[in-house]
4 protein chains.
Amino acid sequence: MTISRKEREHKRQRNEILKVAERLFARKSFHKATMQEIAKKSEFSVGTIYNFFKSKDHLYMQVVWKKAREIDRKLRDAIAEKDTIIEKLDNFLRAKAEFFQENQEFIRLYFMETQGVTFSLKQALNKKLYRLYDEFLRHFSEVLSQGIKDHLFRQIDPYYLGLVLDGLSNTFFIHSIILKKDIKLEEYIPVIKEIFFNGVMRKK
Amino acid sequence: MTISRKEREHKRQRNEILKVAERLFARKSFHKATMQEIAKKSEFSVGTIYNFFKSKDHLYMQVVWKKAREIDRKLRDAIAEKDTIIEKLDNFLRAKAEFFQENQEFIRLYFMETQGVTFSLKQALNKKLYRLYDEFLRHFSEVLSQGIKDHLFRQIDPYYLGLVLDGLSNTFFIHSIILKKDIKLEEYIPVIKEIFFNGVMRKK
Amino acid sequence: MTISRKEREHKRQRNEILKVAERLFARKSFHKATMQEIAKKSEFSVGTIYNFFKSKDHLYMQVVWKKAREIDRKLRDAIAEKDTIIEKLDNFLRAKAEFFQENQEFIRLYFMETQGVTFSLKQALNKKLYRLYDEFLRHFSEVLSQGIKDHLFRQIDPYYLGLVLDGLSNTFFIHSIILKKDIKLEEYIPVIKEIFFNGVMRKK
Amino acid sequence: MTISRKEREHKRQRNEILKVAERLFARKSFHKATMQEIAKKSEFSVGTIYNFFKSKDHLYMQVVWKKAREIDRKLRDAIAEKDTIIEKLDNFLRAKAEFFQENQEFIRLYFMETQGVTFSLKQALNKKLYRLYDEFLRHFSEVLSQGIKDHLFRQIDPYYLGLVLDGLSNTFFIHSIILKKDIKLEEYIPVIKEIFFNGVMRKK
DNA sequence: CATGAATGAGCGTTCATTCAT
DNA sequence: CATGAATGAACGCTCATTCAT
């Protein structure tokens, strides 16, 4: 129990550092954020941060990894929460838009500023991230398979279906973020859904 | 004529530097690539590089700007080359796949751990690049408008049609690059087209 | 108390750096003295020096400022120490000669190829230093005013009296330093005093 | 004759470079003025400047040396021009004030900015300059000796008389320049003369 | 364990000087 | 001789990391 309290405290501190680091990386980019500043802003000493994370690169990785698991969790929950395919997809889009909306700074960091982390570490992170993403897509495709079985969707590799819906939504949401506008859910989601479901061809 | 020879030589050298810088930035990231190394690898002195580009940042920007204009040119040409909408879109996808294929290192630099971010959108933080991309999309949407007028496509904002096709193709191509596979044109392009044109819904 | 020890240590180190910097600036000139060399000679790392002084320019300024306050203090004390005007001026000249004697390297740095430039005037480009010098002259002129009130001196702007005595002594002391001779107090001071008090005209 | 024309042309160009260099050194300090800029402003190529002066240090030396000879000439002429001692001294002060007035930028350079020239070169320059100055003082002291012989001045080493008058005038003129005021001849010269001639003591 | 002063490798950049044309 | 592009040594400075306290 004492250990458990210690552990809880340890985790709390670790998260505090990650939170500050995320904000600083996002605002100033990986290279312009210094360990000194992260230390000062998080009210720990540099040495203490090095007890939690063995290098600046590792700290960065953990920031990204934490966010990646967060969105993974959110999207899986969004899908699980609903019963019908259509509702699941709706909820997926809503949850994703919400995450992008709330994490604009991070998204910008993640998509734009990964320059500067040691290459091999980045690859390791990528592999891990890629595996997480791939697993999500596999999970997603199982859900979508059901749509095929139900004769809702046409015979298309369900992995691709997931990739497409994810890619389409990224396209619109990131477009928003770059324009520094709020994500207009009510405008984008119907377009995404319409195109995803019906394509662009005119039905004869 | 003498001036012209000088100018040509100047341009050749500038391109040589850009080529080396692109490779090093892509392989080692912006911050880990040093001016000294770029100088050594391009067989110029540091001072000479500073005669061509006034800072490391400017060199980086020029690397990106050159690539951006290159793909912009390629895609516009691909669209112009053909007569019918369908052929234009086919050609657009082919040209884009080709560019991604030939510039995997460069693409990886920008999309590293990102799935499906529009190439030029990523650059858009830089206004100049964003303008280029936006202009391309506007040009693209004019072409696509024709498809709407011709009753080929349904009534959808043609700017969105462009965004969607661009985003969809990015999704697949980058997915390939991250998997370090060759882009399987014959596999991806039909899927992209099918989904783009017909959506995923089963026709009743 | 602990803080006090820390602070004392801090001050000691700061002074050590200033001492080394002064010597190197004087011997090699500002631009030829490098931070690396100052670091090596003072047995600190470059980084540590930058913890004490935020740039090479600031370090230089502090070197000069320290010396300026030192001579200001010495001269004021020399004046305060004695009671009569004549003794005050005597003591002023003695203290100044002493300072120039002990700081030949430093003085040479500033007066190198200049004859007779008022020490503090030279610094005056820097407003802070000029203010210090001006305040000293004002203080000096108050003392000298007394000599006028006492009918010891003629009616001459006492600020000018101070300027003149300072300038005259600089002229002789720097002349010595440039000749790399010791300042011959016993030879110069009587001349300075005689000329200052009586001028050069023969009394009729 | 052809050689002579060539030589004249050569001298003219050399002076042109010296003029530009003087201005730039004075305005930007020795280290901030670049050979490139001196070349551009003087409308010669860098290479050509190196044909005239073998290094930046040498160019600087020549700038100073030229000015030194100029004031030496002016002061000697000012003294020679008049017949009586008093008029000679008057004229000396007037000429010197004029030179300081017209060369404020240079004076500032010379008295403040000699930091940065290679030490040994500076010493060589100093020796040469010192010799010039010493010779001037010897010449001056011969003139002043006459004043002693004529029972105008008291028995004071005439070399010191020269040193004092020069030092006194420097003190006032440089004080003006640092205050960035015009030299107030009508105010300063009477003070200098009065103090020089009569000292500060009240005659009983 | 926590601290944060100290470290110093390594960066971007400048500019006096050279030398092929 | 004149030119000015090319050179590269050397600088000031930063900041991730270490380690004595």
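A, B, ... follow the sequence lines: proteins, then strands. Residue 1 opens every chain.
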Looking only at F/dG4, E/dG12, F/dA16, the nucleotide nearest the B/Lys56 side chain is E/dG12
C/Lys32 has an atom NZ; how far is it from atom C1' of E/dA16, in whole Å? 11 Å
Under a 3.5 Å cut-off for both contacts, is E/dT21 paired Watson-Crick or G-U wobble with anything, and if yes, with which nucleotide? F/dA2
Measure the distance from CG on A/Asp57 to C1' on F/dC15 and round it to the nearest whole Å. 14 Å
Using purine N1 to pyrimidine N3 plus N6-O4 or O6-N4 for Watson-Crick, or N1-O2 and O6-N3 for G-U wobble, each under 3.5 Å, what pairs with F/dA9? E/dT14
The residue, C/Thr48 or B/Gln13, whose nearest nucleotide of DNA chain F is more 5′ is B/Gln13
Can you tell me if the side-chain N/O atoms of D/Asn51 get under 4.0 Å from OP1 or OP2 in F/dA2? yes
How many angstroms lie between CG in B/Leu18 and NZ in B/Lys11, if you round to the nearest 0.5 Å? 11.0 Å
Return no unless some side-chain N or O of C/Ser45 is found under 4.0 Å from OP1 or OP2 of E/dT7. yes
Is the ring centre of B/Phe30 less than 6.0 Å from the ring centre of A/His31? no
Between F/dG12 atom C1' and C/Phe53 atom CZ, what is the distance in whole Å? 16 Å
CZ on D/Phe52 to CZ on D/Phe44, rounded to 0.5 Å: 6.0 Å
Taking CZ from B/Phe44 and P from F/dG8, how many angstroms apart are they, rounded to a whole number? 13 Å
Is C/Gln36 near enough to F/dA10 that one of its side-chain N or O atoms lies under 4.0 angstrom from OP1 or OP2? no
Side chain to side chain, A/Arg14 and A/Gln62, heavy atoms closer than 4.5 Å: yes
Nucleotide opposite E/dG8 in a Watson-Crick or G-U pair, distances under 3.5 Å: F/dC15
Nucleotide E/dA5, atom C1' - distance to NZ of C/Lys11 in whole Å: 19 Å
